[in-house]
There are 2 protein chains.
Amino acid sequence: MPSRAIVAKELSQVLKTISHPDRVRIIEELRGQEKDVNTIAEALELTATRISQHLSLMKAHRIVDERREGRHHYYHLVQPEIADWIVNGLAFVEGRMSAVSAAEIKSARKLWGAVPVQK
Amino acid sequence: MPSRAIVAKELSQVLKTISHPDRVRIIEELRGQEKDVNTIAEALELTATRISQHLSLMKAHRIVDERREGRHHYYHLVQPEIADWIVNGLAFVEGRMSAVSAAEIKSARKLWGAVPVQK
DNA sequence: TTAATATATTCGCATACTTGAATATATTAA
DNA sequence: TTAATATATTCAAGTATGCGAATATATTAA
């Protein structure tokens, strides 16, 4: 298989792993800081089980990694820049939604962008 | 639904649409220029039917658009910058593969990056 | 008109993903 | 030890995706 095809396959695998509404949001939650399962679940108003499932999948694909401390499992992005990359991807979303939603995108971007950047 | 969730959903939809090895490659083929189905099929060594199916899906999701001229259907990226964004995404792939493959990523990036940028 | 070319659409099956519910495990508190 | 907390894993059913083969449509050439 030619190298371009190999790389495309790997990249598409990464894209596939993050292309779920919950997972996009989880990645943004982890922008610049680690968080435990419950904290994420509360922030996104989803069950801890579901968050755990998503994190388990993303860990298997090395998008996130885990640090255990007592009964808390803290997750962080293996490559913190991926969150910035996703924020850049919002640019493509802007032109795709209604004017009303476009305003929401800007506010979402502001919110996400406002989180302290990870070293 | 809060705005962040809406935006995340839309973005994940875009990601999902492009997260297929063939489709990543098609987008890169369309970087900076329109091409017809057969041209793409030959370049990627895939059947025209398959390329047509991918393009049809991406068109439905407004990733690409079509211009018909005679019996040729030329496709182009609705948002040409998406190709650049994908090239940036290669950065995340580099750390994920073996050293040998990492070299291939660089060459792939060089190849893709060498294509003239669309205005 | 007929044939050839270029592409699209439909079909069907195999595979994969999503998700809540139930169950299991690890850690700390009583 | 026992109970409570935090998270993980398994299961099963519903849904979606991928893909080749067959068929259909549009355009141009003969």
Side-chain angles (χ1 to χ4, degrees), chain A residues 1 5-6 8-27 29-30 33-77, chain B residues 1 5-6 8-27 29-30 33-77:
Chain A
M1 182 159 51
I6 294 169
K9 191 173 176 187
E10 178 74 15
L11 178 55
S12 71
Q13 189 53 68
V14 173
L15 292 172
K16 190 174 182 182
T17 303
I18 67 182
S19 61
H20 182 291
D22 297 345
R23 295 199 284 270
V24 165
R25 297 177 73 204
I26 290 171
I27 289 173
E29 280 300 310
L30 296 180
Q33 66 218 284
E34 64 174 16
K35 286 187 178 171
D36 70 357
V37 177
N38 259 314
T39 302
I40 299 171
E42 282 162 22
L44 304 190
E45 302 188 88
L46 297 170
T47 66
T49 287
R50 196 156 146 187
I51 299 297
S52 176
Q53 286 170 334
H54 285 309
L55 287 170
S56 158
L57 179 71
M58 288 199 283
K59 188 185 172 190
H61 287 277
R62 286 171 298 159
I63 303 294
V64 301
D65 204 359
E66 195 186 4
R67 179 180 71 84
R68 297 188 180 194
E69 190 181 313
R71 46 185 159 187
H72 296 272
H73 297 199
Y74 294 95
Y75 285 88
H76 62 272
L77 298 172
Chain B
M1 180 159 53
I6 294 169
K9 190 173 176 187
E10 178 73 16
L11 178 55
S12 70
Q13 189 54 68
V14 173
L15 293 172
K16 189 173 181 183
T17 303
I18 67 182
S19 61
H20 182 290
D22 296 346
R23 296 199 284 269
V24 166
R25 297 177 72 204
I26 290 171
I27 289 173
E29 280 300 309
L30 296 180
Q33 66 217 282
E34 64 174 14
K35 287 188 178 171
D36 70 358
V37 178
N38 259 315
T39 303
I40 298 170
E42 281 163 21
L44 305 189
E45 300 187 89
L46 297 170
T47 66
T49 287
R50 195 154 148 192
I51 299 298
S52 177
Q53 286 170 334
H54 286 309
L55 288 169
S56 159
L57 179 71
M58 290 199 283
K59 187 185 171 190
H61 287 278
R62 286 173 298 159
I63 302 295
V64 301
D65 202 358
E66 194 187 5
R67 178 180 72 83
R68 297 189 178 193
E69 189 181 312
R71 45 185 159 185
H72 296 272
H73 297 199
Y74 294 94
Y75 286 87
H76 62 271
L77 298 172

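None of the values given here were measured: they were computed from a predicted structure. Just the heavy atoms: all of them, side chains too, but no hydrogens, waters or symmetry mates, feed the values below.
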Could you tell me the separation between the [atom1] atom of [X] and the [atom2] atom of [N], rounded to a whole number of Å?
X: B/Leu46; N: D/dC19; atom1: CG; atom2: C1'; result: 12 Å
X: B/Ile26; N: D/dG18; atom1: CD1; atom2: P; result: 12 Å
X: A/His73; N: D/dT5; atom1: NE2; atom2: P; result: 16 Å
X: B/Glu42; N: C/dA6; atom1: CD; atom2: P; result: 9 Å
X: A/Asp22; N: C/dT18; atom1: CG; atom2: P; result: 9 Å
X: A/Ile18; N: C/dT18; atom1: CD1; atom2: P; result: 13 Å
X: A/Asn38; N: C/dA26; atom1: CG; atom2: C1'; result: 15 Å
X: B/Arg71; N: C/dA6; atom1: CZ; atom2: P; result: 6 Å

Review point. Looking for any heavy atom pair under 4.0 Å, which part of the strands does B/Tyr74 touch: base, sugar-phosphate only, or nothing?
Key: nothing
Check your understanding: Touch check for A/Thr49, heavy atoms < 4.0 angstrom, all strands: base, sugar-phosphate only, or nothing?
Key -> base
Quick check: do [X] and [Y] have side-chain heavy atoms less than 4.5 Å from each other?
X: B/Tyr75; Y: B/Asp65; answer: no
X: B/Tyr74; Y: B/Glu69; answer: yes
X: A/Met58; Y: A/Ile27; answer: yes
X: B/Leu44; Y: B/Glu29; answer: yes

Rounded at 0.5 Å granularity, tell me how far [atom1] in [X] sits from [atom2] in [Y].
X: B/Asn38; Y: B/Thr47; atom1: CG; atom2: OG1; result: 10.0 Å
X: A/Glu66; Y: A/Ser56; atom1: CD; atom2: OG; result: 9.0 Å
X: A/Glu10; Y: A/Ile6; atom1: CD; atom2: CD1; result: 10.0 Å

Practice item. Output the residues of residues 53-69 of chain B in contact with DNA chain D, where contact means a heavy atom of the residue under 4.0 Å from an atom of the strand; sort by number or write none. Key: B/Gln53
Check your understanding: B/His20 has a side chain; which of D/dT7, C/dT7, D/dC19 sits nearest to it?
Key ->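 For the B/His20 side chain, the nearest candidate turns out to be D/dC19.
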Exercise for review: Pull out every stem in DNA chain D, meaning runs of 3 or more consecutive Watson-Crick or G-U wobble pairs with both distances under 3.5 Å.
Suggested key: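 Expected stems, ordered by start: C:1-30 with D:1-30.
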Practice item. Tell me which of B/Lys16 and B/His72 sits closer to the 5' end of DNA chain C, going by the nucleotide each one is nearest to. Key: B/His72
Practice item. Apply the test side chain to side chain contact (heavy atoms under 4.5 Å, CB included) to residues A/Lys35 and A/Leu30: give CA-CA distance (whole Å), side-chain angles for both, the deciding distance (0.1 Å), then the verdict. Key: CA-CA 7 Å; A/Lys35 286 187 178 171; A/Leu30 296 180; 3.9 Å; yes
Check your understanding: A/His73 and A/Asp36: side chain to side chain donor-acceptor pair (under 3.5 Å), yes or no, with the steps?
Key -> CA-CA 5 Å; A/His73 297 199; A/Asp36 70 357; over 6 Å; no
